[in-house]
Amino acid sequence: MDVSQPAVPAAFDSLALRYGAAAVPPAGPWNEHIALLLSHRSVRGYRSDGLPSGTLETLVAAAQSAATSSNLQTWSVIAVTDPGKKAALAKVAANQKHIEQCPLFLVWVADISRNQRLAAEEGVTLEVMPYQETFLVAAIDAALAAQNATVAAESLGLSCVYIGALRNNPAEVAAIVGLPAGAFGVFGMCVGYASAAGATEVKPRLPQRVVLHLETYDATGESAHRAAYDAELEAFSARQGTALDTWTRRVIGRMGKIAAMSGRDRLAATLNAMGFHLK
Ligand SMILES: Cc1cc2nc3c(=O)[nH]c(=O)nc-3n(C[C@H](O)[C@H](O)[C@H](O)COP(=O)(O)O)c2cc1C
């Protein structure tokens, strides 16, 4: 046996962390890749050490290996290490301290500008450009790419956290990282080594019965499952030493009032101003 290889966590153990002991789904096929996926947790505290040389390029190769709608590849990523730029981006994103702490901050961009330039060079009109469908495709592409990078980073012992709060002021983000018209920072991502303070547990998810529907959508029993999940998340927040929270309170807090959108309620107008002209 090669003792240098860390043991793959057992399926039951990983599933129990992901769902809580009372809602563990049956274990099926299992390997170290799935164990890695189930061990994901967002990290909000980083050590200052930089990343090994070539890490950025490896993460981008993983990102570019994601599926992309019609191979259009309508995304880009801006790698930010400059402390001044990170501070400016943190300011846009509600002063989240981990943006300044992490050695690498990535701005993931829904990017139709490249295809606009292609059209200009080829002297053609791309009629499909000004449709919500096109923006959605670009945003999906960026998300799939980013998630591949996240998994790759986590496989290397790095940690990440997505930063949707960049959308609090997308025009400011565009100015900071020099985006052209038709390029929109959909979210950011901190990448680095977790500090002791940043270490955290796997956060439990809704029971599978709530999100998995066999053949047809079925919300039967949802209230009871939600109550059980509320208790699970409350226990999680107690273990983390954070303010006691339940999923129900989180959804209402995040979706109950427009103020919680922190400026993102102006997204349609912002996209229009940033060259998407959606219809
Ligand atoms: C698109 C997106 C945007 C997010 N934005 C933020 C953010 O601005 N700040 C933050 O601390 N976490 C952010 N998160 C992380 C979520 O809060 C986190 O994924 C969720 O609470 C589940 O926790 P886990 O990732 O540790 O399992 C974001 C996640 C996603 C997918």
Side-chain angles (χ1 to χ4, degrees), residues 14-20 23 34-46 63 66 75 77 80 86 88-102 105-110 135-136 138-155 158-170 172-173 176 184-192 194-195 197-208 210-211 229-230 232-237 239-255 260-264 267:
S14 296
L15 290 164
L17 287 175
R18 182 52 74 201
Y19 293 102
I34 299 168
L36 175 75
L37 291 173
L38 267 78
S39 72
H40 159 78
R41 73 272 327 250
S42 293
V43 163
R44 300 177 178 85
Y46 292 91
W75 65 272
V77 62
V80 180
K86 282 193 291 177
L89 290 165
K91 205 167 159 205
V92 172
N95 295 310
Q96 296 187 60
K97 63 175 184 351
H98 28 280
I99 300 175
E100 291 184 72
Q101 260 178 15
C102 66
F105 187 72
L106 300 174
V107 178
W108 294 92
V109 178
F135 176 68
L136 185 60
I140 292 171
D141 266 9
L144 296 179
Q147 182 57 20
N148 257 22
T150 299
V151 173
E154 292 178 349
S155 78
L158 292 160
S159 295
C160 302
V161 62
Y162 283 90
I163 301 294
L166 285 193
R167 294 194 306 279
N168 292 358
N169 192 339
E172 181 68 25
V173 171
I176 295 167
F184 175 87
V186 274
F187 45 74
M189 181 186 286
C190 301
V191 185
S195 64
T200 176
E201 278 181 39
V202 165
K203 188 187 281 185
R205 294 292 195 263
L206 285 164
Q208 283 201 359
V210 176
V211 302
Y229 182 54
D230 277 345
E232 200 62 58
L233 262 197
E234 193 161 39
F236 170 81
S237 51
R239 289 196 301 275
Q240 298 305 295
T242 55
L244 285 190
D245 204 6
T246 66
W247 191 67
T248 301
R249 282 202 292 270
R250 171 53 62 116
V251 171
I252 293 169
R254 183 68 179 72
M255 305 190 83
M261 293 185 81
S262 307
R264 299 182 215 177
L267 183 61

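Not measured: the values here are computed from a predicted model. Counting starts at 1 for both ligands and their atoms, in listed order.
One finds the NE2 atom of H98 at 6.0 Å from the CZ atom of R44 (value rounded to the nearest 0.5 Å).
Distances below 4.0 Å separate heavy atoms of A165 from the following atoms of ligand 1: 8 (O). Residue G164 has at least one heavy-atom neighbour below 4.0 Å for each of these atoms of ligand 1: 3 (C), 4 (C), 5 (N), 6 (C), 7 (C), 8 (O). Each of the atoms 7 (C), 8 (O), 9 (N), 10 (C), 11 (O) of ligand 1 lies under 4.0 Å from some heavy atom of Q96.
With hydrogens and angles ignored, the 3.5 Å screen pairs no side-chain donor or acceptor of R264 with any backbone N or O of R167.
Side-chain contact check for S42 versus H40: some heavy-atom pair is nearer than 4.5 Å.
The part of R205 lying near ligand 1 is the side chain, judged by heavy-atom distances below 4.0 Å. At a heavy-atom distance under 4.0 Å, only side-chain atoms of V161, from C-beta outward, approach ligand 1.
In the candidate list H40, R44, K203, R44 is nearest to atom 16 (C) of ligand 1, counting heavy atoms.
Ring-plane geometry between F187 and Y162 is classed as perpendicular, the angle between the planes exceeding 60 degrees on a 0 to 90 degree scale with a lower cut at 30. Below 30°, between 30° and 60°, or above 60°: for F184 and F135 the angle between ring planes is above 60°, a perpendicular geometry.
Ligand 1 has no nitrogen or oxygen under 3.5 angstrom from a nitrogen or oxygen of R167.
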